Participant: 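I'd like to ask you about the structure that follows.
Chain identifiers are assigned alphabetically (A, B, ...) following the order of the sequence lines, protein sequences preceding nucleic acid strands; residue numbering begins at 1 within each chain. Source: prediction; values computed, not measured. Atoms considered below: every heavy atom in the structure, side chains included; atoms not considered: hydrogens, waters and symmetry mates.
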Amino acid sequence: MAYNHQEVEHKWQDRWEKSGIFHAKDEGDKPKFYCLIEFPYPSGDGLHVGHPRSYSALDVVARKKRHQGHNVLYPIGWDAFGLPTENYAIKTGRKPADITRENTDTFRRQLKSLGLSFDWSREVNTTDPAYYKWTQWMFLEFFKAGLAYKTTLAINWCTSCKIGLANEEVVNGVCERCGGRVEKRDKEQWMIAITKYAERLLEDLDTVDYLEKIKTQQRNWIGKSEGAEIDFVLADSQDPVTPVVKVFTTRPDTIFGATYLVLAPEHELVEQVTTDDRMKEVLAYVHTSSLKTDMERGNDTKEKTGVFTGAYAFNPATNERIPIWVADYVLMGYGTGAIMAVPQHDERDRAFAEVYKLPIVDEPLVSNEEAIEKTGGRKTVNYKLRDWVFSRQRYWGEPIPLVYCEACAKLPVKEGETAQTHGWIPVPVEQLPITLPDVEHYEPTDTGESPLATIEDWVYTTCPECGGPARRETDTMPNWAGSSWYFLRYIDPHNDSTFANKEKLAYWMPVDLYNGGMEHTTLHLLYSRFWNKFLFDRGHVPVSEPYTRRHSHGLVLAEDGSKMSKSKGNVVNPDEIVRDYGADALRLYILFMGPFEEPVPWSLNGLIGVRRFLDKVDRYVRGWKEEGAHDLGKVIEPYLKKVSDDIDAFKFNTAVASFMSLFNDLGDRSVTREQLKKIIIVLGPFAPHLMNECWEYLGEAGLVEEQSWPEFDESLLVKDEVEMGVQVNGKVRGSIRLAPQADEAVAKALALAEENVQKHLEGKEVVKVVYVPGRILNIVVR
RNA sequence: GCCGCGGUGGCGGAACCGGUAGACGCGCAGGACUCAAAAUCCUGUAUGGGCAACCAUGUGCGGGUUCGAUUCCCGCCCGCGGCACCA
């Protein structure tokens, strides 16, 4: 008979809540363990079965750690700012804050129904003014440190969201979020100088325990390359002030083969070097390429285009006059925006040279050092990483806490200011948070201005510096801001005088284990590492790297192996699964379905199979008899040990399989009470509701969660006898049972007693016997 | 193109450090219980041959190393993920 999961689950969820057993203590003798999942974006669609994959896995880890005597922090919260909510609010004429409240209520209810051992007393929400007060405060720290600056740049503009995007948010030339078309637009944007941390973000990867593929992806994204900057002197220059074109190259050794130079269309020297007769054509080319999006420009299947400036420069190695071209295959944002083209050694240069009939010469290579010395070059390092575009022209985000004061802007630039920040006055800490105005309309504008710009009451304010009239910054922060430091807030979520108390930070940081999606490797993970490093440099947090260990989970796919999506109608609703089969079945199945890091298709039949197993466990416990119990330690112990090890190795699928094997092996033999208790404790993190029910049924006191993790008795882990294959010439011809440490003579004697082995040895000469105790016996014959 | 990961039964997947390939689950087939069904339990289930014992083949393909290779090496093919004119 099947157990009543609804009754059982409500009962124990209720008891956990009342006992407060999952609340982390901020001090004590126990070793701390900070276990973190990426907090969800509370979308209107509710929880997806993908969410519990990560949460259940770390729940198992967190629960095991508690059993092992750790003080565990396993918190939860909401990353609730963002476009979907804002767009939905606009469409329905409602307020984003109201929608967020409804969505978080739904998510909270759904997550609680899974019996996850979160510390709900520390719930945070990035849209809560008490939270974003500190996000704003941290922005001002960036500002005061000179890392936040405003600049005009050609940004990626999503024509659908009407919002500027960071490079990281443009995927295949379209908006990461909505798939909308992205074009170039000049906008004034707040930037954060993450590139100043490029080297440390790269180097410190060596100090953390992340999955190697995560490290690789971060390294590639940071994109360090070492090379040299070399000056090419302009020939026939009329202008004595700018006589050189600086190029960056990773291959100074090829400089003898450099037969022309190329400037990016945006390069500042383009107009200066272009000769009068070429000017019209060059300007036309520059204009055309300015209209192209990155996608169009970056499409290397297209033929390369460019235009000759009419100017020449001297190759410093050969002293030859080489022509200067403008072409959009050279990017302004990388290196110096100018290259020396070596068609002999570089595919792109060759392709270009072939189109425009430029010389391709095969000159001998020299050493890099020699080339740098001979040409007066300088060794330099370049990164692909760009500064972080931090402005969004939307309503539902943290207001940037700065005001612009015309009067202050007219004063001379003070120390610590730059031309880019001059006139921008930080809002004093005691005035934080700058809250979002509670208004009816906040549609994005086609002009690219934030909806906040139209709310005059809010925009016009007084300058905190001089008391004169001033305007608020109307851009808001990107979604990534609040999520860049939430792990710090969990440590002290209700503190109103600082973002988190220093002693508590010192106690809890760093995060011991962090799990999240691979899609966040170059966005959230990189940003939050950077953010934490910055706070560390300012003396606000105790460690430079926020996460000691990082894992990632694979997607849960639809039954047919495709991605689950609302439009395809193949989304599995966790509520229905919990209602029909129970949270324990869902948790256990989702861990069992496949390797944690790989994408795996959902299977309802698979889930039902796991539910059958739970029923079997329930029946076993109810049918269990103390009298006549067998001492089956030798059977049980190896399975439980394997489960324990598998949890540490993130092999939850084989852990669940071990439980199944264990119960298959037990059959209907009753084990001793102590043995049964051990089984229940180890299975507890996987199916906590049912295990508590079983615990209670046995008449044991307290909660399963209060029990210690069992010690494993080494003597029980050693098998008395193993079954071992016998091979003749490498082919299996039989199998024998013997003590794992039996010597060769014993093994050989047993093997020779096997009829089938004898048959294969008949009339042959034994030339060699390979015996690996407990593994194999191989008899080689001729 | 570059970087990373992977390819094992009808399906999801196991396999320590090179040691009986296919654990565990699903599905399927047969049986028990039942008036019947559901549930549960038992048996079988890589492929081909054989009543069976057993034999041959078998972890994407082709080679190699080894007493022995899913595992290591060389050369391919295919799939997935990331990056992509980064000089």
Participant: For residues A:F314 and A:F232, establish whether the separation of their ring centroids is below 6.0 Å.
Facilitator: no
Participant: Roughly how many Å apart are B:C41 and B:C51, using the C1' atom of each and rounding to a whole number?
Facilitator: 28 Å
Participant: Restricting to nitrogen or oxygen on both sides, can you table the protein-nucleotides 57-60 of chain B pairs closer than 3.5 Å?
Facilitator:
| residue | atom | partner | partner atom | Å |
| --- | --- | --- | --- | --- |
| B:U57 | OP2 | A:K731 | NZ | 3.4 |

Participant: Would you kindly give the OH-to-P distance between A:Y334 and B:C85, to the nearest whole Å?
Facilitator: 12 Å
Participant: B:G81 P sits how many Å from A:W221 CH2, rounded?
Facilitator: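 Distance check: A:W221 CH2 to B:G81 P gives 17 Å.
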Participant: For B:G81, does the O4'-C1'-N9-C4 or O4'-C1'-N1-C2 angle fall within 90° of 0, making it syn, or is it anti?
Facilitator: anti
Participant: Are any of A:Y329's side-chain N or O atoms less than 4.0 Å away from OP1 or OP2 of B:A87?
Facilitator: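 Answer no for this pair, as no side-chain N or O of A:Y329 is under 4.0 Å from OP1 or OP2.
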Participant: For A:M340, report the nucleic acid contact type (base, sugar-phosphate, nothing); a contact means any heavy atom under 4.0 Å.
Facilitator: nothing
Participant: Nearest whole Å is fine: how far is B:G13 P from A:F650 CZ?
Facilitator: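 Taking CZ of A:F650 and P of B:G13, I get 19 Å after rounding.
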Participant: In whole angstrom, give me the gap between the P atoms of B:U8 and B:A15.
Facilitator: 15 Å
Participant: Should B:U57 form a Watson-Crick or G-U wobble pair with both distances under 3.5 Å, which nucleotide is its partner?
Facilitator: B:A46
Participant: Yes or no on ring pair (Phe, Tyr, Trp, His ring centres under 6.0 Å) for A:Y639 and A:F659, after CA distance, side-chain angles and deciding distance?
Facilitator: CA-CA 7 Å; A:Y639 286 119; A:F659 281 122; 9.2 Å; no
Participant: Taking the side chain as every heavy atom from C-beta outward, state whether A:F663 and A:I679 have any atom pair closer than 4.5 Å.
Facilitator: yes
Participant: Select base, sugar-phosphate, or nothing to describe what A:V770 touches, counting heavy atoms under 4.0 Å on all strands.
Facilitator: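 Base contact.
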Participant: Between the protein and nucleotides 21-27 of chain B, list the N/O to N/O atom pairs that are separated by less than 3.5 angstrom.
Facilitator:
| residue | atom | partner | partner atom | Å |
| --- | --- | --- | --- | --- |
| B:G25 | OP1 | A:N664 | ND2 | 3.3 |
| B:C26 | OP1 | A:R612 | NH1 | 2.7 |

Participant: Taking only residues two or more places apart in sequence, or in another chain, which ones meet A:D720 in a side-chain hydrogen bond (donor to acceptor under 3.5 Å, both in side chains)?
Facilitator: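 Scan of A:D720 (side-chain hydrogen bond (donor to acceptor under 3.5 Å, both in side chains), adjacent residues dropped) gives A:K634.
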Participant: When you compare B:G7 with B:C16, how far apart are their C1' atoms, in angstrom units rounded to a whole number?
Facilitator: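 22 Å, rounded to whole Å.
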Participant: Between A:F596 and A:H553, what is the ring plane arrangement, given parallel below 30°, perpendicular above 60°, and tilted in between?
Facilitator: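 Answer is tilted, since the angle falls between 30° and 60°.
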Participant: Sequence neighbours left out, cut at 3.5 Å: what donor-acceptor pairs do the side chains of residues 753-763 of chain A make with other protein atoms?
Facilitator:
| residue | atom | partner | partner atom | Å |
| --- | --- | --- | --- | --- |
| A:N756 | ND2 | A:R733 | O | 2.9 |
| A:Q758 | NE2 | A:L752 | O | 2.8 |
| A:H760 | ND1 | A:R733 | NE | 3.4 |

Participant: So do A:V766 and A:V780 actually touch side chain to side chain, heavy atoms under 4.5 Å?
Facilitator: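 They are not in contact (no side-chain heavy atoms under 4.5 Å apart), so the answer is no.
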Participant: From B:C85, B:A14, B:C54, pick the nucleotide closest to the side chain of A:K759?
Facilitator: B:C54
Participant: For the side chain of A:R619 and the base of B:C41, is some donor closer than 3.5 Å to an acceptor across the two?
Facilitator: no
Participant: Expressed in whole Å, how much space separates the C1' atoms belonging to B:U45 and B:G64?
Facilitator: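 Here B:U45 and B:G64 have their C1' atoms 36 Å from each other.
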Participant: Ring-plane angle category for A:Y334 and A:F248, please: parallel below 30°, perpendicular beyond 60°, tilted otherwise.
Facilitator: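 It falls in the perpendicular class, over 60°.
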Participant: Could you check whether A:K642 gets within reach of a base, just the sugar-phosphate, or nothing at all, counting any heavy atom under 4.0 Å?
Facilitator: nothing
Participant: Does a side-chain N-to-carboxylate-O contact under 4.0 Å join A:D615 and A:R619?
Facilitator: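 Salt bridge between A:D615 and A:R619, a charged N being under 4.0 Å from a carboxylate O: no.
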Participant: Please write out the pairs of protein N or O atoms and N or O atoms of nucleotides 36-38 of chain B separated by less than 3.5 Å, giving the distance to one decimal.
Facilitator:
none

Participant: Checking side chain to side chain contact (heavy atoms under 4.5 Å, CB included) between A:T305 and each of A:V326, A:T288, A:V355, A:D328, which is the one that passes?
Facilitator: A:D328
Participant: With sugar-phosphate meaning primed atoms plus P, OP1 and OP2, does A:H760 contact a base, only sugar-phosphate, or nothing at under 4.0 Å between heavy atoms?
Facilitator: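 Here A:H760 touches the backbone only, sparing every base.
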Participant: For A:V772, report the nucleic acid contact type (base, sugar-phosphate, nothing); a contact means any heavy atom under 4.0 Å.
Facilitator: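 Base contact.
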Participant: Say we look at B:U66 and B:U40: how far apart would their C1' atoms be, to the nearest angstrom?
Facilitator: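 Rounded to whole Å, the distance is 50 Å.
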Participant: Quote, to the nearest angstrom, the C1' distance that separates B:G9 from B:G4.
Facilitator: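 Each nucleotide's C1' atom is 29 Å from the other's.
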Participant: Thinking salt bridges, do A:R219 and A:D206 make one under a 4.0 Å N-O criterion?
Facilitator: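 Yes, A:R219 and A:D206 are salt-bridged.
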Participant: A cation-pi test, strictly: NZ or CZ of A:K304 under 6.0 Å from the centre of the six-membered ring of A:Y329 and no more than 45 degrees from its axis. Yes or no?
Facilitator: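 Verdict for A:Y329: a cation-pi partner in A:K304.
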Participant: Now, which nucleotide makes the Watson-Crick or G-U wobble pair with B:G6, with each of the two distances under 3.5 Å?
Facilitator: B:C78
Participant: What does A:E723 touch in the nucleic acid at a heavy-atom separation under 4.0 angstrom: a base, only the sugar-phosphate, or nothing?
Facilitator: base
Participant: Contact class for A:N756 vs. all strands (heavy atom < 4.0 Å): base, sugar-phosphate, or nothing?
Facilitator: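 Sugar-phosphate only.
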Participant: For a 4.5 angstrom cut-off between non-hydrogen side-chain atoms, does A:I360 reach A:T259?
Facilitator: no
Participant: Rounded to whole angstroms, how far apart are NZ on A:K768 and P on B:U66?
Facilitator: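 Atom NZ in A:K768 sits about 10 Å away from atom P in B:U66.
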Participant: What's the CE-C1' distance between A:M724 and B:A15, to the nearest Å?
Facilitator: 18 Å
Participant: Encode nucleotides 2-9 of chain B as B, S and - characters from 5' to 3', where the letter depends on protein heavy atoms closer than 4.0 Å: B to the base, S only to sugar-phosphate, - to neither.
Facilitator: -SS-----
Participant: When you compare B:G30 with B:C67, how far apart are their P atoms, in angstrom units rounded to a whole number?
Facilitator: 49 Å
Participant: Is the distance between the ring centroids of A:F352 and A:Y356 under 6.0 Å?
Facilitator: yes
Participant: For A:D668 and B:U40, what is the distance between atoms CG and P respectively, to the nearest whole Å?
Facilitator: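 Distance, rounded to whole Å: 16 Å.
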Participant: Suppose you measure atom C1' in B:A39 against the same atom in B:U34; what distance do you get, rounded to whole Å?
Facilitator: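 B:A39 and B:U34 have their C1' atoms separated by 11 Å.
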Participant: Can you confirm if the NZ or CZ of A:R587 lies within 45° of the ring axis of A:F652 and under 6.0 Å from the centre of its six-membered ring?
Facilitator: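 No - A:R587 does not lie over the ring of A:F652 by the 6.0 Å and 45° rule.
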Participant: What nucleic acid atoms does A:S225 come within less than 4.0 Å of, heavy atoms only: base, sugar-phosphate, or nothing?
Facilitator: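 Result for A:S225 = sugar-phosphate.
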Participant: Under 6.0 Å between the ring centres of A:H551 and A:F650?
Facilitator: yes
Participant: Can you establish whether the number of heavy atoms outside A:E347 located under 6.0 Å from its atom CD is more than 12?
Facilitator: no
Participant: Between C1' on B:G12 and CG on A:L604, what's the gap in Å once rounded to a whole number?
Facilitator: 14 Å
Participant: Using Watson-Crick or G-U wobble geometry with both distances under 3.5 Å, which nucleotide pairs with B:G68?
Facilitator: none
Participant: Can you measure A:N778 atom CG to B:G19 atom P for me and round it to whole angstrom units?
Facilitator: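 Going from CG in A:N778 over to P in B:G19 covers 13 Å.
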Participant: Please state whether the base of B:C85 and the side chain of A:K304 form at least one donor-acceptor pair under 3.5 Å?
Facilitator: yes
Participant: Is the distance from OP1 or OP2 of B:A56 to the nearest side-chain N or O of A:R733 less than 4.0 Å?
Facilitator: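 It does, given that an N or O in the side chain of A:R733 lies less than 4.0 Å from OP1 or OP2 of B:A56.
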